[in-house]
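Below, read A as the first sequence line, B as the second, and so on, with proteins coming before strands; counting in each chain starts at 1.
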2 protein chains.
Amino acid sequence: MLAEERRFRIREMLSSQRTLAASDLCAVLGVTAATIRRDLAALEHDGVLVRSHGGAVSRMSSTNFQPSYQTLSHVHSTEKHAIAREAEHLVLDGETVFLEGSTTVYELACCLNQRKRLTVVTNSPTIVCQLQRSTGVTVLCTGGDLQKDTFYFSGEWAQRALSEIRLDKAILGVSAIDIPYGVSTANHAEAQIKKMIMKAAKTRIALADHSKFGTQSFAYVGPVTDIDVLVTDSGTEAKYVKVLREMGIDVLIAGATGTKRKEQNTTYSNK
Amino acid sequence: MLAEERRFRIREMLSSQRTLAASDLCAVLGVTAATIRRDLAALEHDGVLVRSHGGAVSRMSSTNFQPSYQTLSHVHSTEKHAIAREAEHLVLDGETVFLEGSTTVYELACCLNQRKRLTVVTNSPTIVCQLQRSTGVTVLCTGGDLQKDTFYFSGEWAQRALSEIRLDKAILGVSAIDIPYGVSTANHAEAQIKKMIMKAAKTRIALADHSKFGTQSFAYVGPVTDIDVLVTDSGTEAKYVKVLREMGIDVLIAGATGTKRKEQNTTYSNK
DNA sequence: AGCGATTCGTGCAAATATGTACAAAACAAT
DNA sequence: ATTGTTTTGTACATATTTGCACGAATCGCT
């Protein structure tokens, strides 16, 4: 087998598997570990992957693209992950959904790679990159100005794109939710986009970990009753859950107990 | 057996096999390794294949399993890199430029991270992700439908965004350039986008390595005179350069020693 | 914190591939 | 037939790849 062929197959595997174990590669490709190591070194040099002890992690369509995302997602990452896993069941095959950029929604996007017949609209370049290899998912992007603080698109192009579509479901992260005040966010442009997403979707699903409750932020998005389904973690105080449910909102609590989650980047050997 | 027939059979084999081993070709065609090497060298120059240690890899998109970013990014990467470095000087601080998704243009985007006061518009999510951390660069994205084969945005949203802007410079990769026929590309949607980019820009800069010359592809983009500046590598035949210059096109040759054509993906240890 | 098991980096040697000079062979045209 | 051109085979020096080996670094587990 040609060296090129071998490396091509490694690339190929990386498009379906985010992580590869060096030992597995030795067995599958029939070469020694030294050769695999050299292959991985070469592919790392080409920017295809990032090596890690025992194997490698894909660099395309992964969180390695933006460190800001990584640093952010470390915060409450266990809860975010549980929330994403819970929200995944709300997305059905054949639907058209909006995924609004936010770290929690990004986690959700990672779960959707294997879906068939799903249309995703998003204002996040990171989510686009995450989903670009999944053949079963049609991806549309609003485009617009890239906000340097949040890494989402906003602005005129994004707004007009949103004004022209109707969605089965919109999934968005919220940065602040308060019962009397409503939902708010730090960025005015982001608030504008969130309002339009709300308007375009039949079902509005919000993801918020427990730290977001009872807080207010600069730019007002809308009342909490704009939300149809709210997914949060078990750390949220019961009083919030109770009041929201009384207001007719479907509150889902993601079970985050005991699931000791390790950092995504270092678990390369899992199948 | 005629040399022409031998090379035809190699082409034929490449349409069913992505890679060919030189040793296999010797056996099948009944000639020595030296002859096969000369054949492969000739076919490489014609842009049919890319040589690699021990054989060759098909370059024709129809046979490539995924003629995507990753597959092609290592092909002619030395030339692409040199071209990108050369084109970098054409982008000036303070300008508004369009970067059209293509592997060579992506290389260029990587060089622009440190710029101050630069506005970049692009239809490539990969380029957005590449530039999103650079504080000095304002990034806009056309949005649109994500093409699963090329990973660029196209479609209505992309077209309308392009119809509303005027650019100092547009930088695009070309997949096929032929003197009488003009510029063409494999994808119809991509050709549409390219046309609009051409229209929106005051100065149109095309990047093309030597293998693109003298080739035609499915979808017509426009005559070669649409191009103001063409950046290529030193492997391009002099006749093309001469004719294009006579037509008033500013042809820049990226400095690379013509004889030494090492494959980047096989040299991982240097530097 | 310590320890055994893996894994990593790398020098070395064998095998293989590459580029090229040169001669032989095939071909084309008078 | 002969002459000039192109192509192919041979030979050989150089370059690359790969497996093996061994010390160093890292990981997982107690």
query = For the side chain to side chain donor-acceptor pair (under 3.5 Å) test, which of B:T232, B:T236, B:D233 pairs with B:H210?
reply = B:D233
request  = Rounded to the nearest angstrom, tell me the gap between atom CG in B:L40 and atom P in C:dA17.
outcome  = 13 Å
request  = Whole angstrom is fine here: how far is it from NE2 in B:H53 over to C1' in D:dT17?
outcome  = 6 Å
ask   = Would you call B:R204-B:E100 a salt bridge at under 4.0 Å N-O?
value = no
B:E190/B:K194 salt bridge by N-O under 4.0 Å criterion = yes
query = Between D:dT18 atom C1' and A:L29 atom CG, what is the distance in whole Å?
reply = 14 Å
query = Between A:E4 (CD) and C:dA17 (C1'), how many Å, whole number?
reply = 16 Å
request  = Find the distance A:M1:CE to D:dT18:C1' and express it as a whole number of Å.
outcome  = 14 Å
inquiry  = By the 4.0 Å heavy-atom rule, please label B:A34 as base, sugar-phosphate, or nothing.
reply    = base
inquiry  = Can you tell me if A:K148 has over 12 outside heavy atoms packed within less than 6.0 Å of its NZ?
reply    = yes
ask   = Side-chain N or O of B:R37 less than 4.0 angstrom from OP1 or OP2 on C:dT20?
value = no
ask   = Looking only at side-chain N and O atoms, does B:T35 come under 4.0 Å of OP1 or OP2 in D:dG9?
value = yes
request  = Specify the separation, in whole Å, of atom NE2 of B:H45 and atom C1' of C:dG19.
outcome  = 17 Å
remark   = Between CG of B:L25 and P of D:dG9 the distance, given in whole Å, is 14 Å
message = In whole Å, I'd like the distance from the CD atom of B:E5 to the P atom of D:dT7.
response = 16 Å
task = Classify the side chain of A:R38 and the base of C:dG9 as holding, or not holding, a donor-acceptor pair under 3.5 Å.
result = no
task = Kindly assign one of parallel, tilted or perpendicular to the pair B:F213 and B:Y240, based on the angle between their ring planes and the thresholds 30° and 60°.
result = tilted
inquiry  = Looking at C:dG9, I'd like to know if its phosphate oxygens (OP1 or OP2) sit under 4.0 Å from a side-chain N or O belonging to A:R51.
reply    = yes
message = Using the side-chain heavy atoms of A:A3, tell me which of these nucleotides is nearest: D:dT8, D:dT18, C:dT7.
response = D:dT18
